[in-house]
2 protein chains.
Amino acid sequence: MAGYWKIATYNVNSIRARMPVLLAWLEREQPAVVALQETKVRDENFPHDEIKAAGYYAIFKGQKSYNGVAILAKSSPENVRFGLDEWGQPDEARLVAATIDGINIVNTYIPQGRQAATDYFYYKLGWIGQMREYFNRYYQADQPVIWVGDFNVAPDRRDVYAPDKLLGSVGFHPDEHAALDMVRQWGFVDIFRHHVPEEGHYTFWDYRVPNGFKRKMGWRIDHIWATAAIAGHSVRAWVDTDMRQGPKPSDHAPLLAEFNWS
Amino acid sequence: MAGYWKIATYNVNSIRARMPVLLAWLEREQPAVVALQETKVRDENFPHDEIKAAGYYAIFKGQKSYNGVAILAKSSPENVRFGLDEWGQPDEARLVAATIDGINIVNTYIPQGRQAATDYFYYKLGWIGQMREYFNRYYQADQPVIWVGDFNVAPDRRDVYAPDKLLGSVGFHPDEHAALDMVRQWGFVDIFRHHVPEEGHYTFWDYRVPNGFKRKMGWRIDHIWATAAIAGHSVRAWVDTDMRQGPKPSDHAPLLAEFNWS
DNA sequence: GCATGAGGAG
DNA sequence: CTCCTCATGC
């Protein structure tokens with residue numbers, strides 16, 4: 001519906017490889033805010049001009065090969081912040097925050113974790129845990145805050161294609177669920193789940209699973225979470241799988257939500 | 001003109017990367033014979049089906065990454081031969097010969113030579129020298145023979161954008177000229193030169209020269225040479241630079257010649 | 001600059 | 001399967 005304030009999160013898996021798809025989708029969808037993850041590009045190579053020509057401000061922090069986050073917005077972002085803590089982490093290219101249209105946006109690309117019971121996995125759990133401190137440090141739970149991004153965690157059985165088989169694997173592990181739940185309890189509502197209780201809505205399909213998208217072998221690991229102050233204004237949420245039909249899709253699909261917010 | 005027998009030579013710089021451009025051009029130009037160089041593909045990955053669907057027989061010999069030659073033809077190729085000598089050279093993916101419509105076609109991708117006074121350069125000179133023996137071994141100079149391909153040599157001052165500056169560099173070196181002239185004297189006419197005496201007609205523009213094509217900084221290193229038996233039937237010859245305007249052009253443009261030959 | 005492959009990652 | 005970097009060739 002025109003007039004609603006719309007936010008999207010989209011793991012592009014390389015913004016440079018995804019530019020034709022991304023620009024066509026921005027043109028069509030016109031969200032007020034787009035949170036991008038895995039831009040995989042150094043800041044000096046970020047396609048700022050093309051984004052600007054599409055009508056968006058862009059704030060971004062990247063590195064070569066891995067990670068990289070950005071926020072695109074029709075209004076100018078304020079209070080821009082990068083990284084999980086104040087003293088610039090090893091991977092500050094995983095979090096970008098800004099205030100846009102009076103709403104506090106936090107966009108994260110949470111570490112993938114590789115394998116349960118590895119250092120990578122414990123690093124991921126610790127990273128998630130620090131998000132609660134992050135929200136405590138910068139916001140209050142009665143403010144309008146939207147936490148979006150690739151969380152690399154599917155919260156419950158409805159969010160993976162084979163919950164019994166996958167339980168305990170990275171992305172659908174009890175420890176991840178516990179860690180994420182601690183952050184949720186700071187004051188978030190899973191906006192997609194709020195509107196869509198049914199199972200089988202995914203945002204990610206592993207390239208290595210043959211025909212994973214067609215066979216509906218996906219994961220819901222990208223999320224839009226909001227505090228009560230704004231969750232009450234949410235109108236709908238959905239996964240945009242259109243671009244998965246076209247050429248050169250990302251392994252993720254965009255997740256969108258609309259709010260009746262001036 | 002419809003009815004003329006048309007041959008083309010085209011260094012595709014990877015046939016797989018060039019398929020969209022190549023197919024559109026075949027559809028438009030419909031040559032009887034097309035000699036391709038630098039296909040850069042192993043035989044098992046040669047796009048045989050698409051070529052066949054375009055109405056062409058294909059004979060090819062490739063290797064991974066480098067070299068690779070092919071002949072596409074509307075009529076079935078006979079007496080097919082690969083490599084410079086009978087006992088399968090290290091780089092047999094540089095020469096393919098066949099008889100098509102009664103005309104003996106030899107398609108070569110002559111070594112580039114890298115730097116004057118290196119082993120690579122002397123290898124190139126030796127390779128060119130062996131071409132005279134090759135023609136002696138398989139043909140007689142009064143037969144219809146067409147030698148086409150990327151010779152990696154610009155024969156005279158009209159064939160490079162800066163003859164004074166470039167004289168002595170690889171591709172425009174007196175030793176290359178002498179070697180090539182020995183083969184010419186076996187019995188060949190440079191068909192393009194026969195029709196177009198003017199300078200400044202090129203078939204190759206180094207990708208590394210910024211805007212080389214626009215600035216006309218090219219080389220005429222692709223050739224169609226024919227014995228008198230068939231040179232006398234040649235009607236015209238030209239470089240097709242159309243595809244250089246479109247997306248993803250090769251660093252070479254196709255060279256074409258027409259003959260009034262049944 | 002534009003191709004190729006190898007090796008690493010997810 | 002689809003990205004990345006790096007090395008290599010022209």
Side-chain angles (χ1 to χ4, degrees), chain A residues 11-19 21-22 37-42 45 62-68 91 93 109-115 118 120-121 124 150 152 169-171 204-215 217-219 221 243-244 247-252, chain B residues 11-19 21-22 36-42 45 62-68 91 93-94 109-115 118 120-121 123-124 150-153 169-171 203-215 217-219 221-222 244 247-252:
Chain A
N11 179 318
V12 288
N13 186 15
S14 166
I15 194 172
R16 285 173 294 178
R18 217 63 57 214
M19 275 315 271
V21 164
L22 176 63
Q37 305 85 36
E38 287 205 84
T39 54
K40 292 187 177 178
V41 68
R42 271 178 283 235
N45 300 323
Q63 60 183 75
K64 74 173 179 186
S65 266
Y66 309 117
N67 310 330
D91 55 359
Y109 173 54
I110 292 180
Q112 192 270 347
R114 299 203 195 183
Q115 272 237 303
T118 62
Y120 299 102
F121 187 71
K124 176 183 191 174
D150 179 352
N152 265 316
S169 54
V170 169
F204 166 74
W205 300 264
D206 193 320
Y207 281 134
R208 290 165 292 184
V209 175
N211 290 106
F213 179 72
K214 273 189 202 161
R215 295 158 67 203
M217 297 171 76
W219 304 61
I221 60 176
M243 67 211 348
R244 292 284 323 195
K248 280 190 153 259
S250 168
D251 47 357
H252 293 248
Chain B
N11 179 318
V12 287
N13 187 15
S14 168
I15 193 171
R16 284 173 295 176
R18 217 62 58 213
M19 276 313 273
V21 165
L22 177 62
L36 301 177
Q37 305 86 35
E38 287 206 83
T39 53
K40 292 186 176 179
V41 67
R42 271 178 283 235
N45 300 323
Q63 60 184 79
K64 74 175 178 186
S65 268
Y66 310 117
N67 310 331
D91 55 359
R94 287 186 180 276
Y109 173 54
I110 292 180
Q112 192 268 349
R114 299 202 194 182
Q115 272 238 302
T118 62
Y120 298 103
F121 187 71
Y123 181 70
K124 176 184 190 173
D150 179 352
F151 292 14
N152 265 315
V153 178
S169 54
V170 169
T203 64
F204 165 75
W205 300 264
D206 193 321
Y207 280 135
R208 291 164 292 183
V209 175
N211 290 107
F213 179 73
K214 273 188 201 161
R215 295 157 69 203
M217 297 171 76
W219 305 61
I221 60 176
D222 301 276
R244 293 284 323 197
K248 282 194 152 252
S250 169
D251 47 357
H252 294 246

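Letters A, B, ... are given to chains in the order of the sequence lines, protein chains preceding strands, and every chain is numbered from 1. Everything quoted here is computed from the prediction, not taken from an experiment.
Following rounding to the nearest Å, B:Tyr123 (OH) and D:dC10 (P) show an atom-to-atom distance of 12 Å. The separation between B:Arg215 atom CZ and C:dG1 atom C1' is 14 Å, rounded to whole Å. Counting to the nearest Å, the P atom of D:dT8 and the CG atom of B:Asn67 are 17 Å from each other. Between the CG atom of A:Asn11 and the C1' atom of D:dC4 there is a distance of 14 Å, given to the nearest Å. One interatomic measurement links the two molecules: NE2 of B:His252 to P of C:dC2, which rounds to 14 Å at whole-angstrom precision. Here D:dC3 presents its P atom at 16 Å from CH2 of A:Trp205, a figure rounded to the nearest Å.
Among residues two or more places apart in sequence or in another chain, the side chain to side chain contact (heavy atoms under 4.5 Å, CB included) test is passed with B:Met217 by B:Tyr161, B:Val209, B:Arg215. Qualifying salt bridge (charged side-chain N to carboxylate O under 4.0 Å, His left out) partners for A:Arg18, counting only residues two or more places apart in sequence or in other chains: none. Listed by chain and residue number, A:Trp205 satisfy the ring pair (Phe, Tyr, Trp, His ring centres under 6.0 Å) test with A:Phe213 (two or more places apart in sequence, or in another chain). Applying the ring pair (Phe, Tyr, Trp, His ring centres under 6.0 Å) test to B:Phe151 and every residue at least two apart in sequence or in another chain returns B:Trp147, B:His223, B:Trp225. Scanning for salt bridge (charged side-chain N to carboxylate O under 4.0 Å, His left out) contacts around A:Lys40 gives an empty result, with sequence neighbours left out.
Nearest heavy-atom pair across B:Ser169 and B:Trp219 is OG-CH2, 4.1 Å.
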Scan nucleotides 3-10 of chain C nucleotide by nucleotide, 5' to 3', and note B when protein non-hydrogen atoms come under 4.0 Å of the base, S if they reach only the sugar-phosphate, - if neither.
SSSS--SB

